[in-house]
Amino acid sequence: LSLGGICSVATREGMTVWRPLLKISKQALMTWVEKRGLRPLTDPTNADPRYLRSRMRIEIFPELAKRFGKEIGGNLVRLGQAAQELKEYLNNKTVRYFQQLQQNEEGVWIDLNPLYPFEKIELKAFLKKLSDQEDLSLSHDALETLYELLESRASKRKLVSREKVVEVHNRIIAIKIRSSY
């Protein structure tokens, strides 16, 4: 759920990162800095149109405001907050899936039968997190296919991703390194 944007508190490589100024407008921050005679550090990539985030700030958001006659910043902030809340909720809901995850010398596996029936959004959130954790780089379509294979209780199906293979058999997922074949 990338819509959430940057979180005010996050963990990166085991370190907690706090961003206490996220809710303060840039204009308010610049006014505070100027009143104190300070010189702000400016990231030059923020003005570089080669980066999507810069093009959005410089070109897309102003164009949307011009075409629709109102600023969209507040709506985007609310959308981001809702996305962060949903991500947190899904992280809490997927804990039970990760508690069922088993590991052996070939890779990881999980029997999802005890957790059936699935809430689609919950299972897809787990599959996405598992994909990221196992460095699978599965596309949105591949994750959707994996969900459908689990829902239909498919037998002996495989998805191949770089160095790993995802095997699905009767709602059991095994993720193995391809060299073990």
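This one's a predicted model, so the numbers in the text were calculated from it and none came from an experiment.
In this structure, N75 CG and F68 CZ are separated by 11.5 Å, a value rounded to the nearest 0.5 Å. How far CG of L130 is from CZ of F98: 5.5 Å, rounded to the nearest 0.5 Å. In this structure, the separation between CD on E59 and CG on L64 is 11.5 Å, given to the nearest 0.5 Å. Taken from OG1 in T145 to CG in L138, the straight-line distance is 9.5 Å, to the nearest 0.5 Å. Rounding to the nearest 0.5 Å gives a distance of 6.5 Å between CD1 of I173 and CD1 of I175. To the nearest 0.5 Å, the span separating CD on E163 from CD on E134 amounts to 12.0 Å.
Here the shortest heavy-atom pairing between R55 and R50 reads NH1-O, 3.3 Å. In this structure, A142 and L159 approach most closely via the heavy-atom pair O-CD1, 4.0 Å. Nearest heavy atoms, E122 versus L90: CA-CD2, 4.1 Å. The heavy-atom pair separating R96 from K93 by the smallest distance is CG-O, 3.6 Å. Annotation for R153 and R171: closest pair NH1-NH1, 3.3 Å, computed over non-hydrogen atoms. Considering every non-hydrogen atom in both I110 and F126, the closest pair reads CD1-CZ, 3.9 Å.
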Problem set entry | side chain to side chain contact (heavy atoms under 4.5 Å, CB included) between K164 and K176, worked out | CA-CA 5 Å; K164 296 190 179 183; K176 299 177 180 178; over 6 Å; no
Exercise. Hey, mind stepping through K129 and T94 against side chain to side chain contact (heavy atoms under 4.5 Å, CB included) and telling me if it holds?
Worked result: CA-CA 9 Å; K129 281 180 69 174; T94 58; 3.5 Å; yes
Exercise. Could you walk me through whether K124 and K120 pass the side chain to side chain contact (heavy atoms under 4.5 Å, CB included) check?
Worked result: CA-CA 6 Å; K124 286 176 74 175; K120 185 175 186 177; 3.7 Å; yes
Problem set entry | V9 and V17: CA distance, side-chain angles, deciding distance, side chain to side chain contact (heavy atoms under 4.5 Å, CB included) verdict | CA-CA 6 Å; V9 179; V17 178; over 6 Å; no
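No side-chain N or O of D141 forms a donor-acceptor pair with one of S139 less than 3.5 Å apart.
Exactly one of L115, D111, N113 qualifies for a side-chain contact (heavy atoms from CB on, under 4.5 Å) with Q100. That residue is L115.
Evaluation of the side chain to side chain contact (heavy atoms under 4.5 Å, CB included) rule for S54 yields Y51, I58 as partners, not counting sequence neighbours. Under the salt bridge (charged side-chain N to carboxylate O under 4.0 Å, His left out) criterion, R157 pairs with no residue, sequence neighbours left out.
Of the possible polar contacts, one joining the S25 side chain to the A28 backbone as a donor-acceptor pair under 3.5 Å is found. Without hydrogens or angle criteria, H169 side chain to K156 main chain gives a donor-acceptor distance under 3.5 Å.
Within a 6.0 Å radius of CD1 in I60, other residues, nucleotides and ligands contribute more than 12 heavy atoms. When the shell of 6.0 Å around CD of Q133 is examined, it contains more than 12 heavy atoms from other residues, nucleotides or ligands. Atom CD of E148 has more than 12 heavy atoms from other residues, nucleotides or ligands within 6.0 Å. For E151, the CD atom counts as densely surrounded, since its 6.0 Å shell holds more than 12 non-hydrogen atoms of other residues, nucleotides or ligands.
Clustering ILVMFWY residues whenever any of their side-chain heavy atoms sit less than 4.5 angstrom apart, transitively, puts V95 in a cluster other than the one holding L112. V165 and W109 end up in different hydrophobic clusters when Ile, Leu, Val, Met, Phe, Trp and Tyr side chains are linked at under 4.5 Å. One hydrophobic cluster, built from ILVMFWY side chains closer than 4.5 Å, cannot hold both M30 and L21; they sit in different ones. If you chain together hydrophobic residues whose side chains sit under 4.5 Å apart, L143 and I172 never meet in one group.
In this structure, Y116 and L150 have side chains that are not in contact, with every pair of non-hydrogen atoms separated by 4.5 Å or more. Side-chain contact between R57 and N46: present, with at least one pair of heavy atoms (C-beta onward) separated by less than 4.5 Å.
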Could you list the donor-acceptor pairs under 3.5 angstrom formed by side chains in residues 31-41, with sequence neighbours left out?
residue	atom	partner	partner atom	Å
T31	OG1	Q27	O	2.9
T31	OG1	Q27	NE2	3.4
R36	NH1	W32	O	3.2

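Taking a cutoff of 4.0 Å between a charged side-chain nitrogen and a carboxylate oxygen, D48 and R53 do not qualify as a salt bridge.
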